[in-house]
2 protein chains.
Amino acid sequence: MKTYNLCLLGFGNVGRALARLLAAKAEEMRAEFGVAWRITGVASRRLGWGVAREGFDVGRLLAGEVASEASPAPREVREWIEAARGEVVFETTSLEPRTGQPAIDYARAALESNAHVVTANKGTVAHAYAELSGLARERGRRFMFEATVADCLPVFSLFRECLPAARLSGFRALLNSTTTVILEEIERGRTFDEGVERAQLMGIAETDPTYDVDGWDATVKVCALANVLMGETLGAEEIERVGIRALDAMHVRAAREEGKPFRLLSRAWRDAGGRLRASVRPEQLEPGDQFATLGGSSLAVTFELDVLPGLTVVASAPNLKSTAYGLLADFLNVARDEGKEGR
Amino acid sequence: MKTYNLCLLGFGNVGRALARLLAAKAEEMRAEFGVAWRITGVASRRLGWGVAREGFDVGRLLAGEVASEASPAPREVREWIEAARGEVVFETTSLEPRTGQPAIDYARAALESNAHVVTANKGTVAHAYAELSGLARERGRRFMFEATVADCLPVFSLFRECLPAARLSGFRALLNSTTTVILEEIERGRTFDEGVERAQLMGIAETDPTYDVDGWDATVKVCALANVLMGETLGAEEIERVGIRALDAMHVRAAREEGKPFRLLSRAWRDAGGRLRASVRPEQLEPGDQFATLGGSSLAVTFELDVLPGLTVVASAPNLKSTAYGLLADFLNVARDEGKEGR
C-alpha cells in the first residue's frame, strides 16, 4: 500500500468535487488498487497556500476550514509543493484560453518539483502539451489531462490504452454544452440571453459565457485533441472559429422544425495536401444524425480510424462528479503504472 | 525488440483478416511498440495443425499455401503449440453458443502451454471467464477477449484501463447487427428472408442465422459483459431471451412509421433486491433515441456508471478489419504490459 501526498491547486467547484469523490472512493481505492492518499496541500486565491503534512480533514476542508500549519507560509507554488511534500498536484484553476496561463506555469513548477500533474485545465494541453509532456518524461513523472476535453469521457486514455496502433484521420465533435443548451432554448422560443441563463443555472456556463459562445472553449479543446491524438501542433489561431452569437433566432427555429438543428460542431481533418485542418462553427445536422439526439449538457466525439470507420463516445448529462472522476481516473492510472514499474 | 511467436487457431475470415492486418501494421508495431512477430502456427479444420518455426510467409499463407514443416505432424492443440513454440494463441474458431466448446478447451490448453490467449470467441468469456482468467493469472499469462462482444469497439479495455474504480450499475445495448439489418429490410417493405440474405451479403450473418435471429448471439454477449464488468456469473439460461422471428412485418413497418422502430435490445440491471437481471428482446425505441439513428451493422452500448449517468460507445459500420484490430490491440496490450513488467 502506497500513500500519496496530494496537492489541490484550485479549490472551486471542481476541486471540491474531487475532494468529495476522493473521500467517497477511499476505501475502494485501498482495497482494489492498493492506493491510499492524504491531501497535504490546498491552494486557491481565497485560501492562500494551505499545508497540512499529516493531511487535511476532508469534511472540515469542504466546510471551509483550512487551518494551514506551514510556518513560514509558502509564498508561491514551488515552496507550497515542497512544504506539502506533494507527489501529485491536481491543477483545477480557471482557464485563460488564449495563453493557458497561469496554469502552464503551475504545471511546469509541479513537474520541476518532481510531482505528477493531473489537470482539468485544457489550456495547458492546447498551448504547452509538447513542453509539459517532454518535461514529465525527463523527470520520470506524468502529465495527465483526461478531464480537460470532455469531463470524464475517456478520449486520451482511450487512445493511449485501448487503441494502440490505430491511426486517427479526423474527428467530428460536440465539445461545448453551453452552446447546445442556448440553441435548444432558442429553438423552444426563448431568447439568447434566456439560454445563457439556463446554462448558468445548470452550472455549465461561466459567469462570462463569452468563451463558450464565441467558440473559444471548443477551439482550445480541438487544439488539445489534435496535439495529443494526431501528433501535430495546431495553434488556436489556425482553427476556423465562428461562434453562435450571429445566428438569427428565426433561422435557428426554422432549422429545428426542418429536422436539421444548428449545433456548434468541432471538426478536424486532413486536406488534400495532407495538412491538418480544423474548424469550430455552427452547422446544421442532417436528419437522423446521431448528434441530433444529444441534448442538454451531453458531449460527444466521433473518431475516424483506419481500423474502424466511426468510433463514437458520448457522455450523457455529465456533472461535476464526472469531471472530478476524470481527475481521479488519471491519478489511479499514474499509481497503477508506478506499481507496475516498481514490481 | 521482442519477437513473438504467434499461433492462429482458426483461419477463416477473421483469422485471415488478422494475418493481413498484422502484415500491414508490422512496421508500425516495431517502431512504436518495439514488438516484432512471426506466425509460427496456423491451424484449421481444413489446414490441419500447420507449423513453421521461422514463421510462415504471410502472402503465401493468404494464398492458401500452408507448407507445414512439423514432423511428426502435431495431432492436437498442445502438441501444435509446443511444436510452434507459440507465445500468443489467437483463437478464432466458430462459436457454439450453448457450451462455448471446443473454444474453451483450446484456450485452456493454450494457457496450460504457457501461451497468452487472445480470443474472438465470446463463448469462452460467457461460459468460462472465471476459470480461464484464473488459470491465466496462475500461469502469469493473459486471457484477452476485446473482439468478442463488439468487434474492435473497446468495452473491456475501456473499463480495465480508462475507468478505474467506476461502478457499473447496468447497460443497454445493440449487440447484434444481423437483426438490425433484417428489421431495416422489413421496414423497407422486404421480407424476413430477404433481410437475412442482405445480412449474409454484408458478411455479418452466419450461413445459419439462427443464433442471431433467436437472440443467442446477443445473449452470449450479455453474459460476457456481465461476467467481466459486473463481477457476476450470469448463465445464458438466466437471461430473458426473445428473438425477432415472431415479430409481425406489418407491425414492424407501422412502428417505424410512428418513429418508434423495433430493435433487438440487450439490457442488464439490478432489481430492487440487488440481483443482476438481464434481457435480450425486441423493443420499440422512443423517438429521439440515440440508438434509432444507428443503422446497418453498427453496434452500441450505453453504460450507467456511478460517476456518469450515461457513457455510450458506438462502432459505426465495423468490418472484418475492425474485428481483426480488436485482436491486434489485445496483443499489443499484452506485449506492452510484459515490457513494463520486464523493465
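Nothing here was measured: the structure is a model prediction, and the numbers come from that model. Within every chain, numbering begins at 1; the chains are lettered A, B, ... in the order of the sequence lines, protein sequences first and strands thereafter.
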Please identify which of these residues, Lys260(A), Arg267(A), Arg263(A), meets the salt bridge (charged side-chain N to carboxylate O under 4.0 Å, His left out) condition with Glu283(A). Arg267(A)
Contact winner vs chain B - Ala317(A), Ala315(A), Ala329(A), Pro309(A), heavy-atom pairs under 4.5 Å: Pro309(A)
I need the residue from Ala292(B), Pro154(B), Ala24(B) with the largest number of non-hydrogen atom pairs under 4.5 Å to chain A. Pro154(B)
Answer with side chain, backbone, both or neither: which region of Gln290(A) has an atom nearer than 4.5 Å to a non-hydrogen atom of chain B? both
Single hit among Asp289(B), Thr312(B), Thr302(B) for side chain to side chain donor-acceptor pair (under 3.5 Å) with Arg172(B): Asp289(B)
If one checks every heavy atom of Phe33(A) against chain B at 4.5 Å, the contacting part turns out to be side chain
Check for a donor-acceptor pair, side chain of Glu146(B) on one end and backbone N or O of Ser157(B) on the other, with a separation under 3.5 Å. yes
Is a side-chain N or O of Glu184(B) found less than 3.5 angstrom from the main chain of Gly296(B), in a donor-acceptor match? yes
With a 4.5 Å cut-off on heavy-atom pairs, point out which of Leu153(B), Leu332(B), Leu328(B) contacts chain A the most. Leu332(B)
Classify the ring geometry of Phe143(A) against Tyr129(A): parallel below 30°, tilted from 30° to 60°, perpendicular beyond 60°. tilted
Portion of Arg160(A) that has a non-hydrogen atom of chain B nearer than 4.5 angstrom: backbone
Heavy-atom pairs under 4.5 Å with chain A, option from Leu21(B), Val313(B), Leu308(B), Leu158(B) with the top count: Leu308(B)
Should Glu232(A) and Asn227(A) be marked as a side chain to side chain contact (heavy atoms under 4.5 Å, CB included) after you check the CA-CA gap, both sets of side-chain angles, and the distance that decides it? CA-CA 5 Å; Glu232(A) 300 223 8; Asn227(A) 287 353; 5.9 Å; no
Who among Ser298(B), Pro318(B), Gly295(B), Cys162(B) has the most heavy-atom pairs with chain A under 4.5 Å? Cys162(B)
Please classify the contact of Lys25(A) with chain B as side chain, backbone, both or neither, using a heavy-atom distance under 4.5 Å. side chain
Which answer fits Leu294(A), side chain, backbone, both or neither, if we ask what part of it has an atom under 4.5 Å from a heavy atom of chain B? side chain
Portion of Ala300(B) that has a non-hydrogen atom of chain A nearer than 4.5 angstrom: neither
Without hydrogens or angle criteria, can the side chains of Tyr4(A) and Glu338(A) be said to hold a donor-acceptor pair below 3.5 Å? yes
Paired with Leu299(B), the side chain to side chain contact (heavy atoms under 4.5 Å, CB included) test is passed by just one of Val155(B), Val149(B), Asp151(B), Leu174(B), namely Asp151(B)
Structural part of Ala166(A) lying under 4.5 Å from a heavy atom of chain B: both
